[in-house]
Every structure is written in structure tokens, then in C-alpha cells.
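Structure record follows, encoded as C-alpha cells.
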Amino acid sequence: MHFGRIPAFVGTARFSQGIGPASGSACGAEAVCAWFRPVGKGKRAAMRWSRYFVPTLRDNPADAEVVSHQLLLRAGMVRQLASGVYSFLPLAWRVLLKITQILREEMDGIGGQEFHLPALHPAEVWRESGRWEIMGDNMFHLRDRKGAEMCLGMTHEEVFSSIARKELRSYKQLPQIWYQIQTKFRDEPRPRSGVLRVREFIMKDAYTFDLERSGLDKAFNDQRTAYRRIFDRCGLQYAIVHASSGTMGGSESSEFMVLTDAGEDHIAICSDCGYAANLEKAASKIPSVTDEAGPSAPVKFPTPNVRTIDDLEDFPGGAPARSQIKTLVYFGDGQLMLVLMRGDHELNETKLADTLGISAIRPGHPEEIREALGASPGSLGAVGVEGLRIIADRALESRKNMTTGANEDDFHLRGVDIARDIRVELWADLRSVREGEGCPVCDERLSVRRALEIGHIFKLGTKYSETMGATVLNEEGKEVPIVMGSYGIGVERIMASAIELNHDPDGIVWPMTIAPYQVVVTPVNINQAAQRETAEAIYRDLSAAGIEVLLDDRDERPGVKFKDADLVGIPLRVTIGPKKLASGQVELTSRRARETRDVPRDVVISEVRREISAELERLAPKL
RNA sequence: CGGGGCGUGGCGCAGCCUGGUUUAGCGCGUCGGUUUUGGGAACCGAAGGUCGGUGGUUCGAAUCCACUCGCCCCGACCA
């Protein structure tokens, strides 16, 4: 823990790597140690607000929109360095350390072993897994001085797999549960929402290695339980939802979602049976439509200036949206394809990509579309189309007498019988579920809510072990691919969602478990000896009791100190004022309850301890 | 990548359209002093700005033009 004081170490670091004195000592040793420093037992130098770096702001910076971003800035916890890149100041770092401490305890609790892998990767391992191409511009690429291609790690399946394939040879070594808490780099197309979608962030990522599917099932369930304990302990309310596995691959995945409008995902949830799924995955039941018999063949009719579903609904001789076929053109896997939806339904692109098993799809460009179909969007249809893949949403199955574009500008077809007139290659659930539709499990009504992803667990299976050759010998001496799982948690997102869920007009209301400090001791007037001395004494006693306490010894007016304490969100405040102190009393305020009560000075320590215990009890994991 | 917006002391903004009367202002914050001390004090005094950058137009540019960098929002995309 004290490498920084060993001259040889500092000297070596400085000369061999050419880094300055500051990084040589502070960064080289202490910053690393900070990851491992246990939080909460500090009994050293007094934590005095007057000396503590907490640059609070009165006004909201103009470019902060979401609450967590505004409050993190105003509370003097974070500062932006670049778009999607944030510096964490001491208060925020304490919160993050407390969160990572909980992560460690729960990962260790299910047998996890902590690693620390490089953030800088050779291109090679990503080429092997095939994700160098798939990740594309989302990955930060660079070259070393020899010109070799490298990248900054977006995630660590590849690196962990490369260790596993070299070192794991026998089934006797399995199962393994490996994890780390590491910085990830993703060159987001659009960083946003403060610390919620960023380009550099801390992730707890875990990987399990098993011989068989059954082992993976157990590992997956253990992780799921650990995740529930973690988020319970962090004071978050969340939903566990079925999710798409996207570019991670794998067979099954669940996301842990905090219900907040600051999130960018949408989830469908059933309050009755508990069904919950990301809209990228959610299914629903919708009433079936009975069509009247139509003509024996499609009938073309002129529709001047009709370009949209709505236009055609209003057009004389048109059709209601539910009797229209929406024809979308997508490009993916090197080819154009037609995607058919009911007129009033919306395509979910992730469902389409998942159905096709490809990662990158995009809408066709107007020129491509015109070249392929001879018409522009607004007049497209699939009737008689040959040579293009045609994928249709299940809601269109066995529909008759439908109306769709004629692939001739300003003309549509009516009387289309899908089974008879369109060569559908693949039927799939492609539509986005909407509020109020039927739960696929119990038929109750689904609601659709905005949510923020804070964790995601995947059953990877053998995707990476096969492409990267990570195998072991089983009991019969046969070489088999290792069955893997992958499990991630966004550390800053826990911090930010805790704020999204716990704040009031005055500022943050930290859950006791992750609060930067548990108590702040505030003398109303630091210049009055009695108040000052009492505050110092209470501070010492609390500190000695192992409580995380901050002493607000600033020579400020009380209002300033109260406002800052509220803004920063410290759960408890002991206030020492002149009148009450004269009768041997101090005040104990709960930030969350916004309640203040008088407490005799000589029992304040035990009262504080009791309040903390009660809060920790409230946040104790339920399983 | 498409669309929109914004860069003026630490934070929030005005000034720009209609170039010079501005020594570039205002509120908050900061520093010094005095009086204060239970919910962001009052008064006095002070510091702090290459007006994002470069180039141009002009007698003269924060202001007009071109290019460029950065940031934010919506969409696309994304763990």
C-alpha cells in the first residue's frame, strides 16, 4: 500500500516511462491503492469541510438536462473533461468506492475471483472473435509506434477468453468465476445525459466458465441473485427484464432496469404476473382481425400524392391502417430486404436484427430503394417481388384484402391476399409492443415504461470459446468448448440512478449504504467556542465509533452550510446551535424524512448509530 | 451520419440583427475589510475576460463573411 514511498519505485517509474513527478507517485501507487482501500474505517485526520474539495454550485450549468447530471455537478462531485468523459471529484469517488466495495463483497460471496485486466488490447484478440468488424466505430482504435493496431477495451470477453484458453485445460479446473472492476471505452455516437451514456466508464464485468449448460444455468442464477443483492443494497428499485443479446451473442439474457425517465430504454411490464421485457424483446397479444373476402387478384388503383399510411387512410377508396401493409426496405448482411408490417404497427429494428442474426442493419437509402423496386418510399409493396428477401411480421399472417403500394409512384394495390400474392420468406415477431396490449403470459394489460439499464447478464454459451478455441478435456478425455456466461454492471449508472430515484428540490438524498459520508456535524456558528468544541467532540466520538463523518467547520452562515449539506445529500446532520446547546441538546436531522429532533448531547452518538443501523437494515438485501 | 442550438471572467446571462459611445456590461460566486451568524447576509473596496480558434472584409470587428474546433439537444445508432 505504500509503494509510492519507496524511492526506487518512484524513480524507476519516472525515468523509464517519462511521466512527471505527480503521476510518478500519486498516480502510480496511491491511485491503484485507492481501488483496494476499505471504506468506512477511517480514523485518521479529521474530515473538515473547510479543507475538503467540494465545489458546489448555486446554478445549474446550462448543458445539464437530467437530474443526476445537474446534481452531480452542483454538488461538486463531477466535472466534464470532454463529451462523454467525466472527472470524479472526491465526494463522487467515495460513492463509487462504496459501490465497488458492495460489488466486491457480493461477487466474492458467490465465489468470484477478482482480476485486473488491461484496458489496452491488441487488435488480434478482437479479430479472432470477429468483433473487430462488428464493433466498428464504437471501438476506440489506435496504433502503437510500430504501427500495430490496438484498441481500448469496450468489454473483456476476448481477453478473459484468451486467458481461459491458455490456462484452463481440464474439466477439473471448472467452474471458474472471474470478475474485475475496470474502465471501459466506447466511442458512443452520441454521449448524453451526463454520466449515463458516456465514452469512458467503470464496469464490473464477470465471466463464468463451466463444463456444461447446467453449470452455466447455476452460474447465471448465482449472478442474478448477487445482482439483486447488490441493487437492493444500493437502494435502487429495479425490474429484471428479458433482453436482446445484441452484439454479445448468446442464448439468454436479462437486464436490470431502473424505472426512470432519464433512461433511454423502454420496457413492457405486466403488473399482474410480473412479466417484464425490454421492448427489443417484448411480446404481446393483440386482437386478431377478420378480413372480408377480397377480389381474386390484387387491383391497382391510382393514389396521387399518397405517401404515408395516414394519407391512404384518408384517401377515398383507401384503407384503414390495420388493413394496410407497410413495406420497409432494410440493408443488412450485404443485401437489401423487404420488411412488412401492419400499417398501424411499428418495426423494432433490434427484433429484426436478432431475427436475422446480424448485428448491423440500416434503412435503405432512397436511391437503393428506387433502383431495387422502381418506386419511392410511399408507393412500395412486396406483391410480385422476386430476388429480395421478404420478412413479414406475424400480425400479417393469413391477412387478406389488404392494401399496399404498387411499386409504381402514385399507385397502390387493394385486395392483396398475403399468402396468395406475396412470397414471404420468413415470419417473425418484429413489432414494438405498445401500452395497453395483452401480456403474452397472462393476458392482462401491459404498460410501457422508460428505464435505465444498470446491469445485464448473458448466457454466452460457447460462442467465444469456439471462435477463440477455449476448450477443456472432459471426463472422457474429449476436447469440449467451455460454456461461458458474461455479467456486467455500470458503476456510474448505479450512482446516477441512485440520484434519479432519491432526490428532492434541495438536492441528493443518498441511500445510507452509498452516501459519501453518513453524517455531517454542523455547528451553527464555528466562532462560538462552546459550539465549536462540542462539534469537534461529537465529530471525534462519531469517528471513533467507526461512523463516516464530515465536520462542517466553515465560517459560513448556517443557511449556507444547511443548503450544502442538503445538496450533497448526507443522510444525517447533527446541528449544534446556541440555544439548544445551553440546555445540553443538539439536533439530529434526517435528510430523507426531513425531520429534526432534539437529542441530548451525551446520547447523540448512540442515536446516530441507531439511525444508521435502521437505514442499513432497510437497505439490507431481501435474499 | 441527418436536423437544431450554443461558445462573452468560476456559474448563469445581456450585448451581435442595425460594426464605432463599451474602458465589453449585469446577477451570483471569488478576494480584502467592517458589521453579522438557525435555511444560500448587508455595506465598503478589489481582482478576474486573447468575446472558442484561424483567416478575411473594413479606417475600425464580440458584432459582418469563410473555414475550423468544441459543447448541448432531437433523430439515427448503441451494452
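Fair warning: this is a prediction, and the values are worked out from it, not measured in the lab. Below, chain A is the first sequence line, B the second, and so on; all start at residue 1.
Each side chain to side chain donor-acceptor pair (under 3.5 Å) pair with one or both residues in residues 254-268 of chain A, not counting sequence neighbours, appears once here: A:R192-A:E264, A:R197-A:E264, A:E255-A:N278. Among pairs with a residue in residues 487-497 of chain A, those fulfilling side chain to side chain donor-acceptor pair (under 3.5 Å) read A:T208-A:Y487, at least two apart in sequence or across chains.
Under the salt bridge (charged side-chain N to carboxylate O under 4.0 Å, His left out) criterion, A:R127 pairs with A:E149, sequence neighbours left out. Contacts of A:D344 classified as salt bridge (charged side-chain N to carboxylate O under 4.0 Å, His left out), with partners at least two apart in sequence or in another chain: A:R342. With sequence neighbours left out, A:E611 forms a salt bridge (charged side-chain N to carboxylate O under 4.0 Å, His left out) with A:R597. Taking A:E280 as the reference, nothing meets the salt bridge (charged side-chain N to carboxylate O under 4.0 Å, His left out) condition, with sequence neighbours excluded. When the side-chain contact (heavy atoms from CB on, under 4.5 Å) test is applied to A:P516, the partners found at least two apart in sequence or on another chain are A:L91, A:R94, A:V95, A:W510. Under the side-chain contact (heavy atoms from CB on, under 4.5 Å) criterion, A:I526 pairs with A:P523, A:R532, A:D553, A:D555, sequence neighbours left out. Not counting sequence neighbours, the partners of A:Q70 by the side-chain contact (heavy atoms from CB on, under 4.5 Å) test are A:N60, A:A64.
Within residues 64-80 of chain A, the residues that have a heavy atom under 4.0 Å from RNA chain B are, in order of number, A:E65, A:R74, A:Q80.
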- Message: Does the protein touch nucleotides 1-15 of chain B at the base, only the backbone, or not at all? Give it as B, S and - per nucleotide, heavy atoms under 4.0 Å.
- Response: ----------BSS--
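Residue A:E188 is in base contact, counting any heavy-atom pair closer than 4.0 Å across all strands shown.
In this model, a side-chain donor or acceptor of A:R573 finds a partner on the base of B:rG39 within 3.5 Å.
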Can you tabulate the close N/O pairs, meaning under 3.5 Å, that link protein atoms to atoms of nucleotides 67-69 of chain B?
none

